[in-house]
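Structure record follows, encoded as structure tokens.
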Amino acid sequence: MKLLLKYRYSIIVLAVLLPRIAWFLLLGGDLPLPQRDQGLYISMTGRIAEGEGLSYSREMGWLRSNMTTESVFLNNFCMDPEYLFGIVPVETPTASIEPGYPLLLASLFMITGPCTGAVFLLNSIFALIGAWAVWKLASENWGEKQALLAALIWSFYPYYIYYSAYAMTDMIHISMLPLIMLLTLRSASKTRAGFTSGLASGILFLIRSTAIFLVPLQLAWLFFKRKWRTALLVVTGFVLCCIPWILRNQLVLGSPVIMPTKGSLNLWMRNNPSMLAIEGISIPGFIEDGINRRDLLEYPPMDGLDTELARSVLLMDRAKEFIFANPLLFSYLTLVRSGLFLTPFGGTLENMTAKMAGILIYLPMLFIAAAEAFRRRRDGRIILLVCFFIIYLGLHSLAHGGVRYRLPVDTILIVLTSLAIGRWAGWGEREKASEQSESLEKVEE
């Protein structure tokens, strides 16, 4: 074990890169299927690299309109080629999605050209950051042996290898979370880490807007630790990241938009029984029969509403009205989604290999991690990690319609499983020392 720890960084780098290079070669340099929204991200990235800014081309609007043949339901808001998703005018600046990923990929496109290798390279860079963050997270809090094990499991985790090939935000999102966890734990003892913690959350927010809900958790952790100044630095770091995005939207859209406007469409669609039926999610008869305000399920007429913001606001209002009019349906869908996200089967990974990975790898980790979290329930650091997991489970369950991927916070299951294995193997020296240190701090206070 000492030899492994001596060359830990080289081992982690190889563990990250080798399976991803093999995956790239297995795909023959192509992007994986199903396609999902990869085409949208690549198209927008290309326009940024060409100086067109964050916008959709007229060709993309035409393509999406003509490809929508699944149902009359989808055609209702995809039939106009001048508006993507029925909301966003083509050839105009948009705030429909977060700017971070297209900007990062566009910076590589400017060097390499528009090739799939740039996608793999960007995702692999962030995979290295994520593995390093997992290592530091575990080593600074529980011990180097557990940390090496956690970093290796994270690097070889089949789901994370799979998403490292997607031209979407998933791999970066997955990789940034352990970094934010690391910095949040650090901020309790190092004031400067508060600013970098907020900065990291701000960067992730510009890549995946759900990160905005991490900031209250970070602040709650620091308030519990009575670190008021550090909490202020978290907010400062986060706000500084968001200011350019808000100012840009004020200048080009006439409003300081902070959350992506496409979120209104997602909220409306993901609680619409017609859309859920397309994704294979059925509603029990007693709930289906009691649905109120069915008129809100119809895509609203957009006559006279030319701007992205006006259309988004109208759709958001309808989504909220429908949810409040149908609390039983919404509660049922939330519970079903919670259960589905915790199962070993993800909607994106539908082949037998993926299912076996879920049964043989994910499911044992889930049970081991749950048991280890319960055993360490008095450890504030573990409570914080569990809160990260619960927040993501709640957010995805409330707003997401189908199980398209594993929860990004499977990292927490990996860390807890590594701690359990370390405890079984007698690697508890750092943990004992940390507990003694916390006890001394309480006595001094």
Distance-only criterion, 3.5 Å: show the donor-acceptor pairs between side-chain atoms of residues 324-331 and protein atoms not counting sequence neighbours.
residue, atom, partner, partner atom, Å
Asn326, OD1, Asn292, N, 2.6
Asn326, ND2, Asn292, O, 3.0
Asn326, ND2, Phe322, O, 3.0
Ser331, OG, Pro327, O, 2.7

Exercise: do Ser197 and Gln218 side chains pair donor with acceptor under 3.5 Å: yes
Fit a plane to each ring of Phe341 and His396, take the angle between them on a 0 to 90° scale, and name the class: parallel (under 30°), tilted (30 to 60°) or perpendicular (over 60°). perpendicular
Could you tell me whether the side chain of Arg20 and the main chain of Val16 form a donor-acceptor pair under 3.5 Å? yes
For residues 356-384, which residue pairs qualify under ring-ring contact (aromatic ring centres under 6.0 Å, His included), counting only residues two or more places apart or in two chains? none
Regarding Arg311 and the six-membered ring of Tyr83, is the cationic atom NZ or CZ under 6.0 Å from the ring centre and inside 45° of its axis? yes
Distance from Leu253 atom CG to Leu251 atom CG, nearest 0.5 Å? 9.5 Å
Taking the basic N atoms (NZ, or NE/NH1/NH2) and the acidic carboxylate oxygens, is any pair closer than 4.0 Å for Glu372 and Arg423? yes
With sequence neighbours excluded, tell me which residues meet side chain to side chain donor-acceptor pair (under 3.5 Å) with Tyr157. Asp410
Are the side chains of Leu40 and Leu84 in contact, using a 4.5 Å heavy-atom criterion? yes
With sequence neighbours left out, what residues match Ser189 under side chain to side chain contact (heavy atoms under 4.5 Å, CB included)? none
Taking only residues at least two apart or on different chains, which pairs with a member in residues 193-220 satisfy ring-ring contact (aromatic ring centres under 6.0 Å, His included)? Phe205-Phe238
Shortest non-hydrogen contact from Tyr299 toward Gly86: OH-O, 3.1 Å
d(Ile153 CD1, Ser418 OG) to nearest 0.5 Å is 4.0 Å
Please tell me whether Glu98 and Ser209 have a donor and an acceptor in their side chains that are separated by less than 3.5 angstrom. yes
Close side-chain approach of Trp135 to Arg8, heavy-atom, < 4.5 Å: yes
Mind checking salt bridge (charged side-chain N to carboxylate O under 4.0 Å, His left out) for Arg293 and listing every partner two or more places apart, or none if nothing turns up? Asp295, Glu321
Mind checking whether Trp245 and Arg248 have side chains closer than 4.5 Å, heavy atoms only? yes
Between Leu309 and Ser255, the two heavy atoms sitting closest are CD1-CB, 3.4 Å
Looking at CD1 of Ile12 and CG of Leu17, how far apart are the two atoms once the value is rounded to the nearest 0.5 Å? 11.5 Å
Is the shortest side-chain N to carboxylate O distance from Arg294 to Glu288 below 4.0 Å? yes
Ring centers of Trp228, Phe223 separated by less than 6.0 Å: yes
Tell me if a side-chain donor or acceptor on Thr343 pairs with a main-chain N or O of Leu340 at a distance below 3.5 Å. yes
Would you say that Ile390 contacts Val386 through its side chain, given a criterion of any heavy-atom pair below 4.5 Å between the two side chains? yes
Could I get the full list of ring-ring contact (aromatic ring centres under 6.0 Å, His included) partners for Phe126, not counting sequence neighbours? none
Minimum heavy-atom distance Asp306-Pro89, with the two atoms named: O-CG, 3.7 Å
What's the separation between atom CD1 in Ile323 and atom CG in Asn271, rounded to the nearest 0.5 Å? 4.5 Å
Has the side chain of Asn272 got a donor or acceptor atom that lies under 3.5 Å from a matching backbone atom of Leu297? yes
List the steps and the verdict of side-chain contact (heavy atoms from CB on, under 4.5 Å) for Leu333 and Ile283. CA-CA 8 Å; Leu333 291 175; Ile283 309 297; 3.7 Å; yes
Check: Ser155 side chain, Ala151 main-chain N or O, donor-acceptor pair, under 3.5 Å: yes
Determine whether Tyr160 and Phe156 satisfy the following criterion, ring pair (Phe, Tyr, Trp, His ring centres under 6.0 Å), listing intermediate values before the conclusion. CA-CA 8 Å; Tyr160 292 173; Phe156 285 110; over 10 Å; no
I'd like to know whether CZ of Arg377 has more than 12 heavy-atom contacts from other residues, nucleotides or ligands below 6.0 angstrom. yes
Taking all atoms of both residues into account, what is the closest heavy-atom pair of Leu108 and Leu121, and its distance? CD2-CD2, 4.2 Å
If I compare all heavy atoms of Ala193 with all of Thr196, which pair ends up nearest, and what's the gap? O-OG1, 3.0 Å
Does Tyr56 reach the side chain of Ile97, with side-chain heavy atoms less than 4.5 Å apart? yes
Are Ser187 and Thr230 linked by a side-chain donor-acceptor pair shorter than 3.5 Å? no
Side chain to side chain contact (heavy atoms under 4.5 Å, CB included) partners for Thr210, two or more places apart: His173, Arg208, Tyr392, Leu395
Any side-chain heavy atom of Thr261 within less than 4.5 Å of one from Glu308? yes
Distance col, row Leu179:CG vs Leu204:CG, nearest 0.5 angstrom, shows 9.5 Å
Taking the side chain as C-beta and beyond, is there a heavy-atom pair between Asn123 and Tyr163 under 4.5 Å? no
Min side-chain heavy-atom separation Trp221-Leu185 under 4.5 Å: yes
What residues, two or more places apart in sequence or in another chain, satisfy side chain to side chain donor-acceptor pair (under 3.5 Å) together with Ser164? none
Set of residues satisfying side chain to side chain contact (heavy atoms under 4.5 Å, CB included) with respect to Ala319, sequence neighbours excluded: Leu267, Trp268
Distance check, rounded to the nearest 0.5 Å: Leu222 atom CG versus Arg229 atom CZ? 13.0 Å
Going by the rule side chain to side chain donor-acceptor pair (under 3.5 Å), which residues pair with Ser55 if we only count those two or more places apart in sequence or in a different chain? Arg47
Taking only residues two or more places apart in sequence, or in another chain, which ones meet Ala371 in a side chain to side chain contact (heavy atoms under 4.5 Å, CB included)? none
